Amino acid sequence: MNSKFKVVYVDEDPDARKEFELNFVNKEMCDLVIVHPKFQLDEMVDFIIEEGPEAVVSDFRLKDKEPSVTYDGVDLVKKLKSIKTKLPCFVLTSYEGEAINVALDVNWIHDKEEIHEDENDRPVFSQKVLQQIHVNRGLLDNLLNKQQELFNKLQQSQLTAEEERELVELSNEIELFIFDDKKIPNEIKSYDGLAKLDSLIKLSDQLLKEIDKNIVK
């Protein structure tokens, strides 16, 4: 797992993009991808999926200085959450009330002033982003370790019916951390005892390689 965190920031205002980069702490630990929004929502989502970030931050009013953009930051987060539900997403805005009214979760919304240091010189917002990434990494590692334990046991003996169900449930849970184009193979999700042991082992190796290569670059 790469020790660097990848964070995508989307804003149509070049001055705001510069300000975000300037105020984001621990940049040596991060791969910050700061971009102008694509005009179409699906195009923006495809770009983010290809980047494979561990967190996404977006401005709310993406149309203010770029009328050709057809969506706002909340629309972007809704779409991303429908694809990768465990992806930490944040919407920065000076219009909190307006953004909260259309958001599915008020915790998505953050005042733009949060990107600056507070009265105690603490970089509040960037710490929130990095803390959430740390939490997600811990959750994913725990799931992968449990899954690996079952795969290791499978190489020595047959799984019980309860363990087979747990393997499927773990695969489904891991999928929440993974973008659609890198999902777990259906053969693992539909595991029912798999008469051929080598088939499951090959699939598990494929999954772990894909996660290491694509999920946490």
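Please read all numbers here as calculations on a predicted model, not as lab measurements.
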Ring pair (Phe, Tyr, Trp, His ring centres under 6.0 Å) partners of residues 10-35, not counting sequence neighbours, each pair once: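 Every ring pair (Phe, Tyr, Trp, His ring centres under 6.0 Å) pair that includes a residue of residues 10-35, provided the two are not neighbours, is Y9-F20, F20-F24.
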Residue pairs, two or more places apart or on separate chains, that pass ring pair (Phe, Tyr, Trp, His ring centres under 6.0 Å) and touch residues 60-84: none
For residues 101-111, dump all side-chain donor-acceptor pairs below 3.5 Å to protein atoms at least two apart in sequence or in another chain.
{"unit_1": "N101", "atom_1": "ND2", "unit_2": "G97", "atom_2": "O", "d": "3.2"}
{"unit_1": "D105", "atom_1": "OD1", "unit_2": "N107", "atom_2": "N", "d": "2.8"}
{"unit_1": "D105", "atom_1": "OD1", "unit_2": "N107", "atom_2": "ND2", "d": "3.1"}
{"unit_1": "H110", "atom_1": "ND1", "unit_2": "E114", "atom_2": "OE1", "d": "3.3"}
{"unit_1": "H110", "atom_1": "NE2", "unit_2": "N107", "atom_2": "O", "d": "3.1"}
{"unit_1": "D111", "atom_1": "OD1", "unit_2": "E113", "atom_2": "N", "d": "2.8"}

Could I get the full list of side-chain contact (heavy atoms from CB on, under 4.5 Å) partners for [X], not counting sequence neighbours?
{"X": "H36", "value": "E12, R17, F39, E66"}
{"X": "T85", "value": "L176"}
{"X": "Q40", "value": "E43, T70"}

F5/H134 aromatic ring centres below 6.0 Å: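 Centroid distance F5-H134: below 6.0 Å, so yes.
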Find the distance between [atom1] ([X]) and [atom2] ([Y]) and round it off to the nearest 0.5 Å.
{"X": "Q155", "Y": "S157", "atom1": "CD", "atom2": "OG", "result": "10.5 Å"}
{"X": "E149", "Y": "L154", "atom1": "CD", "atom2": "CG", "result": "13.5 Å"}
{"X": "K79", "Y": "D46", "atom1": "NZ", "atom2": "CG", "result": "9.0 Å"}
{"X": "K112", "Y": "L92", "atom1": "NZ", "atom2": "CG", "result": "7.0 Å"}

Under 3.5 Å donor-acceptor, [X] side chain and [Y] backbone:
{"X": "K81", "Y": "L87", "result": "yes"}
{"X": "N136", "Y": "K86", "result": "yes"}
{"X": "E163", "Y": "T160", "result": "yes"}

ILVMFWY network linking [X] to [Y], side-chain heavy atoms under 4.5 angstrom:
{"X": "L62", "Y": "V45", "value": "yes"}
{"X": "L139", "Y": "L150", "value": "yes"}
{"X": "V77", "Y": "L41", "value": "no"}
{"X": "V69", "Y": "V8", "value": "yes"}

Aromatic F177 / basic K84 pairing, under 6.0 angstrom, 45° off normal: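 Pair K84/F177 does not count as cation-pi.
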Among E54, E51, E50, salt bridge (Lys or Arg N to Asp or Glu O under 4.0 Å) partner for K6: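 Considering E54, E51, E50, a salt bridge (Lys or Arg N to Asp or Glu O under 4.0 Å) with K6 is found only for E51.
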